[in-house]
Amino acid sequence: QLCTYLKTQIKTAIPQATFVTPHAAEFSGGVVIINLPGKEAREITEKLYSSFGVATAAAGGIRLSPHIYNNLKDIDYAVKALGTLSR
């Protein structure tokens, strides 16, 4: 549920984002990997952590892994941070 919500929020808030992870839940697990055109994944992951406290990894793109200790508010915050850095 969290990953599906995350993918939907990214598609809505950052339409220029490209997904490495399939949007269909049955074809993806607990990981969401995206790319932002014109942005380096490593640079974005570093800024997400240093400026917003959002831990991600640069693994095939920008890798986000929501887990049971996250809630929808956390995901909204991460998407807002990604949106800020995508500009």
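- Atom-to-atom distance recorded for Thr56:OG1 and Arg63:CZ is 10.0 Å, nearest 0.5 angstrom.
- No donor-acceptor distance shorter than 3.5 angstrom exists from the side chain of Ser51 to the backbone of Leu48, with no hydrogens or angles considered.
- Hydrophobic clustering places Val31 together with Val20 (ILVMFWY residues linked when any side-chain heavy atoms are closer than 4.5 Å, directly or through intermediates).
- There is no path of hydrophobic side-chain contacts, each under 4.5 Å, that joins Ile33 to Val79.
- Classification of the His23-Phe19 ring pair by plane angle, with boundaries at 30° and 60°, yields perpendicular.
- The cluster map of Ile, Leu, Val, Met, Phe, Trp and Tyr, joined by side-chain heavy atoms under 4.5 Å apart, puts Leu72 and Phe52 in the same cluster.
- A 4.5 Å side-chain heavy-atom check between Ser28 and Lys7 finds at least one atom pair inside the cut-off.
- In this structure, Pro66 and Cys3 approach most closely via the heavy-atom pair CG-SG, 3.7 Å.
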Set out, in order, the CA-CA distance, both residues' side-chain angles and the distance that settles side chain to side chain contact (heavy atoms under 4.5 Å, CB included) for Ile44 and Tyr49, then state yes or no.
CA-CA 9 Å; Ile44 296 296; Tyr49 189 72; over 6 Å; no
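- The distance from atom OG of Ser86 to atom CG of Asn35, rounded to the nearest 0.5 Å, is 12.5 Å.
- With values rounded to the nearest 0.5 angstrom, Lys80 atom NZ is found 12.5 Å from Leu85 atom CG.
- Here CD1 of Ile62 is found 7.5 Å from OG1 of Thr45. Values are rounded to the nearest 0.5 Å.
- A donor-acceptor pair shorter than 3.5 Å cannot be found between the side chains of Tyr77 and Asn70.
- In summary, of the residues considered (Leu82, Leu2, Ile75), a side chain to side chain contact (heavy atoms under 4.5 Å, CB included) with Leu64 occurs for Leu82 alone.
- The number of heavy atoms from other shown groups lying within 6.0 Å of CD (Glu40) does not exceed 12.
- Between the Thr4 side chain and the Ala25 main chain, no donor and acceptor come within less than 3.5 Å of each other.
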Walk me through whether Glu43 and Lys47 qualify under salt bridge (charged side-chain N to carboxylate O under 4.0 Å, His left out).
CA-CA 6 Å; Glu43 181 181 337; Lys47 286 183 180 179; 3.1 Å; yes
